[in-house]
Amino acid sequence: MFLYNLTLQRATGITHAIHGNFSGTKMQEIVVSRGKIIELLRPDANTGKVHTLLTMEVFGIIRSLMAFRLTGGTKDYIVVGSDSGRIVILEYHPSKNMFEKIHQETFGKSGCRRIVPGQFLAVDPKGRAVMIGAIEKQKLVYILNRDAAARLTISSPLEAHKANTLVYHVVGVDVGFENPMFACLEMDYEEADNDPTGEAAANTQQTLTFYELDLGLNHVVRKYSEALEEHGNFLITVPGGSDGPSGVLICSENYITYKNFGDQPDIRCPIPRRRNDLDDPERGMIFVCSATHKTKSMFFFLAQTEQGDIFKVTLETDEEMVTEIRMKYFDTIPVATSMCVLKTVIHYTIAHLGDDDEEPEFSSAMPLEEGDTFFFQPRPLKNLVLVDEQENLSPIMSCQIADLANEDTPQLYVACGRGPKSTLRVLRHGLEVSEMAVSELPGNPNAVWTVRRHIEDEFDAYIIVSFVNATLVLSIGETVEEVTDSGFLGTTPTLSCSLLGEDALVQVYPDGIRHIRADKRVNEWKTPGKKTIVRCAVNQRQVVIALTGGELVYFEMDPSGQLNEYTERKEMSADVVCMSLANVPPGEQRSRFLAVGLVDNTVRIISLDPSDCLQPLSMQALPAQPESLCIVEMGGVEKEDELGVKGTVGFLYLNIGLQNGVLLRTVLDPVTGDLSDTRTRYLGSRPVKLFRVRMQGQEAVLAMSSRSWLSYSYQSRFHLTPLSYETLEYASGFASEQCPEGIVAISTNTLRILALEKLGAVFNQVAFPLQYTPRKFVIHPETNNLILIETDHNAYTEATKAQRKQQMAEEMVEAAGEDERELAAEMAAAFLNENLPEAIFGAPKAGSGQWASLVRLVNPIQGTTLDLVQLEQNEAAFSVTVCRFASGGDDWYVLVGVARDMILNPRSVGGGFIYTYRLGGGGDKLEFMHKTPVEDVPLAIAPFQGRVLVGVGKLLRIYDLGKKKLLRKLNLFMSIYDGICF
């Protein structure tokens with residue numbers, strides 16, 4: 001049997017991030033990898049919001065990612081190390097919006113293997129060479145250059161292998177234009193491998209090794225190797241040549257060390273620690289990631305510790321010799337995998353951030369005893385401001401699909417995250433809608449439009465709202481206010497309105513057409529006899545109306561700005577129920593096609609070309625009566641004409657909304673007007689209304705049925721996605737300074753301005769914070785409440801935390817002298833009252849074998865915690881179920897499997913318990929009944945025929961409900977398994 005899997009949501013966890021000028025402009029972009037996906041992001045220079053330009057699957061696992069630029073170039077390339085056994089260089093083409101593979105060199109087998117390169121990438125800062133390394137033994141160097149046509153070239157690989165060597169990190173050393181050099185953190189395990197006593201392994205030291213690529217002789221040599229005192233975890237390149245002193249910073253446990261060749265002595269500075277930290281004091285501190293910011297006159301580093309604290313690191317030099325490392329606390333953010341400093345911020349501002357505050361500066365020149373360090377006080381953000389964030393579901397610990405909110409469409413309930421950043425998320429299929437404004441109207445409107453005053457205006461000037469017997473005109477400025485001098489007729493309902501020509505407006509109402517010039521002169525066309533206008537279609541230069549009886553009248557604007565009626569009229573074979581005109585293409589006089597939907601379940605395409613005006617071109621029969629039509633140009637690609645002018649060329653699509661709730665999308669031939677390739681989608685139970693809007697500079701269609709949907713082109717693919725919002729009745733595109741690509745819509749008696757920012761997303765999500773890592777959750781079938789268990793290793797419970805803080809505060813007062821006792825008491829009180837949010841500042845690490853756990857009862861709709869039971873220190877919850885016992889009547893019970901004093905390596909456990917709670921208070925309260933001791937970890941609990949089935953280590957047991965504990969009914973030893981779980 002072969003199972004087909006369909007990815008609903010792409011991976012969201014980012015593993016690598018790099019930045020550079022990938023499009024060749026001065027705009028900086030970010031390239032991130034999400035497992036097997038490469039994504040190009042561009043931050044908006046004004047708002048800071050990050051927009052996705054391109055997402056590409058690589059059909060492999062991305063293990064490393066680096067950006068490089070050839071000397072004298074203006075564009076950055078991307079080099080990718082993956083599990084394919086190849087090195088791949090990509091170039092981004094903005095015109096095609098795609099990554100193009102420039103080079104793909106095979107060097108080994110596929111798969112994430114120890115000795116096949118791909119895990120580490122390092123680039124020469126001048127872009128002359130790249131090193132790709134394996135975890136063990138193999139390293140290859142490729143020389144990068146240009147050919148006569150300025151295309152990137154890559155050499156054959158040069159080997160820099162060393163047997164019996166483990167690699168921890170690789171960077172390119174900035175040596176200016178001398179021979180390219182790479183620095184590696186390595187460890188030789190040959191002696192340890194041959195020594196059965198283990199002494200050699202204990203004494204093995206890590207080495208810092210420099211590899212030089214001799215460009216003249218075309219080979220790589222090990223130039224220099226030095227044993228390190230501390231175990232390093234990664235390296236930071238120091239700018240060299242004319243920009244700085246060159247060399248590397250080695251980040252190791254508790255220290256950061258500067259090293260370079262020649263007479264340069266090692267400069268070593270301890271990593272500062274938090275004052276009054278609850279962490280185990282014997283636990284070391286390391287930097288986990290860094291970012292370098294360099295200008296022509298200065299450079300500095302931002303380095304983040306494993307607690308999330310960021311330090312600004314600078315080097316003091318004296319005649320090209322580094323004399324001092326200086327560090328200053330910068331800010332605290334959640335622990336990152338990668339950091340990028342973009343140059344879009346004003347250089348002076350970012351260079352001097354943190355210089356003027358009162359934070360102490362730490363220096364390697366300050367005298368300290370061996371093993372001592374500096375201390376600082378963490379605080380909320382001061383130098384950084386959060387402007388945008390992208391949601392991340394990684395890691396998903398548990399997931400269930402259910403319609404607990406009674407919305408007809410099931411929701412995904414996902415427990416995800418780790419530690420204090422854990423969340424319970426509710427995922428709904430649809431685009432997230434940002435509500436910009438909601439205002440009540442004097443009655444229930446039936447339509448809404450927006451118009452601009454001039455064709456070159458960037459933003460809309462008026463919102464026109466039509467009622468059953470009146471029209472309301474609102475002007476758009478800092479506030480939205482009613483105006484009466486716009487020229488629109490306010491005593492009649494409006495069928496449609498638009499900007500006509502460069503600066504005129506047109507209003508179509510049941511008794512005629514009103515043409516409003518820029519100087520407020522008004523021309524009116526009245527309907528003949530007792531006929532009225534029933535339907536109309538309007539664009540920038542054309543107006544088509546349908547009179548009662550199925551008669552079509554066509555108007556077109558002449559070069560003088562006058563609206564002229566075509567000499568003939570067209571009698572249709574049935575009553576007209578809907579019409580649509582496409583927008584006038586750039587550089588043309590008119591849209592060539594009119595789509596007309598008739599009551600006889602057909603759609604007809606009629607020509608508006610002067611040579612065959614109002615002649616039928618094609619027809620399509622429909623399964624039901626059409627409700628609305630919309631012709632749009634979508635899926636455009638940039639092309640240049642003969643004059644070199646860039647423009648977007650797309651395809652014409654006729655969207656047909658039917659009264660039975662079905663949407664049809666048909667390709668409209670731009671030459672013949674033929675209809676072909678019809679696609680069908682059921683949207684809802686109500687007739688489908690269609691509205692043309694703009695999204696990311698392209699036309700899109702908003703379809704409204706019992707639920708609203710958006711049909712749009714995103715990254716060269718069509719998307720038809722529902723909006724996660726209440727039912728809307730009518731809509732129009734909306735553009736203002738605050739909301740450049742919004743939607744104005746009506747719902748009952750309210751006018752709403754909406755924005756759709758996260759295009760391309762499959763789900764929108766609501767997140768509710770948790771305290772520890774969620775392990776499992778179950779749904780109570782009667783109340784739809786969730787019962788979660790949260791467990792963290794290396795963590796304190798709230799009670800233990802409070803106890804430790806009290807103990808430390810007492811020690812502070814006791815350690816102070818008589819004169820300082822009062823000041824120490826004040827400091828102790830401030831320490832006890834300090835409460836930094838653990839989601840940002842991290843939770844204190846208690847040490848191995850320490851566990852914290854709780855049971856939480858949650859209402860998933862409101863996200864409120866109905867009840868919460870904190871377990872004792874070193875009790876870890878691993879399994880949960882909700883069930884009824886045959887002997888327990890109609891009551892529901894929650895059973896939680898808990899391990900006591902568990903140590904992961906070497907594995908040992910001090911026993912376990914099964915906690916039994918009764919769900920009281922209508923399912924909103926956990927009432928403790930009893931706990932049943934067991935010999936091993938209860939990893940699995942499930943209801944079974946009015947009793948419960950429990951996996952305790954290798955034992956499978958059946959328990960029934962008792963008054964003081966659960967009663968064992970069956971005991972089965974499963975010798976073939978390590979433990980029973982599910």
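Nearest heavy-atom pair across T881 and P943 is OG1-CD, 3.3 Å. Minimum heavy-atom separation, G760 to L431: N-CD2, 4.3 Å. Summarising the geometry of I779 relative to V882, their closest heavy-atom pair is O-CG1, 3.6 Å, with the distance given to 0.1 Å. Here the shortest heavy-atom pairing between A402 and Y413 reads O-CE1, 3.4 Å. Nearest heavy atoms, V426 versus P860: CG2-O, 3.8 Å. When every heavy atom of L8 is checked against every heavy atom of V762, the shortest pair comes out as O-CG2, 3.3 Å.
With hydrogens and angles ignored, the 3.5 Å screen pairs a side-chain donor or acceptor of H16 with a backbone N or O of R63. A donor-acceptor pair is defined here as one N or O able to donate and one able to accept, closer than 3.5 Å; such a pair exists between the side chain of S879 and the backbone of P938. Of the possible donor and acceptor atoms, one in the side chain of S747 sits under 3.5 Å from a partner among the backbone N and O of T727. The backbone N or O of R686 lies less than 3.5 Å from a partner atom in the side chain of S705, making a donor-acceptor pair.
Checking Q411 against D403 by side-chain atom types alone, a donor-acceptor pair falls below 3.5 Å. Side-chain polar atoms of E834 and Q377 form a donor-acceptor pair below 3.5 angstrom. Using modelled atom types, one finds no donor on one side chain facing an acceptor on the other under 3.5 Å when comparing T797 with Q870. A donor-acceptor contact closer than 3.5 angstrom links the side chains of Q307 and D277. Counting only N and O atoms by type, the side chains of T864 and N859 include no donor and acceptor under 3.5 Å apart.
Residues passing the salt bridge (charged side-chain N to carboxylate O under 4.0 Å, His left out) test with R752, sequence neighbours excluded: E435, E726. Remark: Y959 pairs with R957 by the side chain to side chain donor-acceptor pair (under 3.5 Å) rule, at least two apart or across chains. In this view, R918 and E927 satisfy the side chain to side chain donor-acceptor pair (under 3.5 Å) rule, not counting sequence neighbours.
Counting heavy-atom neighbours within 6.0 Å of K421 NZ, excluding the residue itself, gives a total of 12 or less. In M827, the CE atom is not crowded: 12 or fewer heavy atoms of neighbouring residues, nucleotides or ligands sit closer than 6.0 Å. Heavy-atom neighbours of K965 NZ from other residues, nucleotides or ligands within 6.0 Å: at or below the threshold of 12. Applying the 6.0 Å contact sphere to NZ of K36 captures no more than 12 heavy atoms from other residues, nucleotides or ligands. Heavy-atom neighbours of R804 CZ from other residues, nucleotides or ligands within 6.0 Å: above the threshold of 12.
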Could you go through E306 and K845, starting from their C-alpha distance and side-chain angles, then the distance that decides it, and tell me whether this counts as salt bridge (Lys or Arg N to Asp or Glu O under 4.0 Å)?
CA-CA 11 Å; E306 56 189 322; K845 302 290 187 283; over 6 Å; no
Start with the C-alpha distance between R379 and D331, add both sets of side-chain angles, then the distance that settles salt bridge (Lys or Arg N to Asp or Glu O under 4.0 Å), and finish with yes or no.
CA-CA 7 Å; R379 51 160 169 73; D331 261 327; 2.7 Å; yes
Between L386 and I333, does a side chain to side chain contact (heavy atoms under 4.5 Å, CB included) hold up when you go through it step by step?
CA-CA 10 Å; L386 179 65; I333 60 172; over 6 Å; no
Would E757 and S434 count as a side chain to side chain contact (heavy atoms under 4.5 Å, CB included) if you check the C-alpha gap in whole Å, the side-chain angles of each, and the deciding distance to 0.1 Å?
CA-CA 8 Å; E757 294 174 344; S434 302; 4.0 Å; yes
Can R428 and E407 be said to form a salt bridge (Lys or Arg N to Asp or Glu O under 4.0 Å), step by step?
CA-CA 10 Å; R428 291 177 172 85; E407 295 174 354; 3.0 Å; yes
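The structure places CZ of R856 at 6.5 Å from CD of Q771, a figure rounded to the nearest 0.5 Å. One distance of note links CD1 of I14 with CD of E39; it measures 7.0 Å at 0.5 Å rounding. Here the CH2 atom belonging to W892 is positioned 12.5 Å from the CG atom belonging to N785, to the nearest 0.5 angstrom. Between the CZ atom in R274 and the CG atom in D309 there is a gap of 4.0 Å [rounded to 0.5 Å]. Of the inter-residue distances, the one linking L961 atom CG with R947 atom CZ reads 11.5 Å to the nearest 0.5 angstrom. Remark: M808 CE to N276 CG distance equals 5.0 Å, nearest 0.5 Å.
When each of N392, I396, I37 is paired with T12, the side-chain contact (heavy atoms from CB on, under 4.5 Å) condition holds for N392 and for no other. Screening L955, I958, L956 for a side-chain contact (heavy atoms from CB on, under 4.5 Å) with L972, the sole residue that qualifies is L956.
Using the six-membered ring where Trp is involved, Y915 and Y917 have ring planes that are parallel, under 30° apart on the 30 and 60° scheme.
For F878 and W851, the ring centers are positioned less than 6.0 Å apart. Taking the six-membered ring wherever Trp is involved, the centroid distance between the rings of Y893 and F885 falls below 6.0 Å.
The residues R425 and E391 are annotated as salt-bridged, a charged nitrogen and a carboxylate oxygen being separated by less than 4.0 angstrom.
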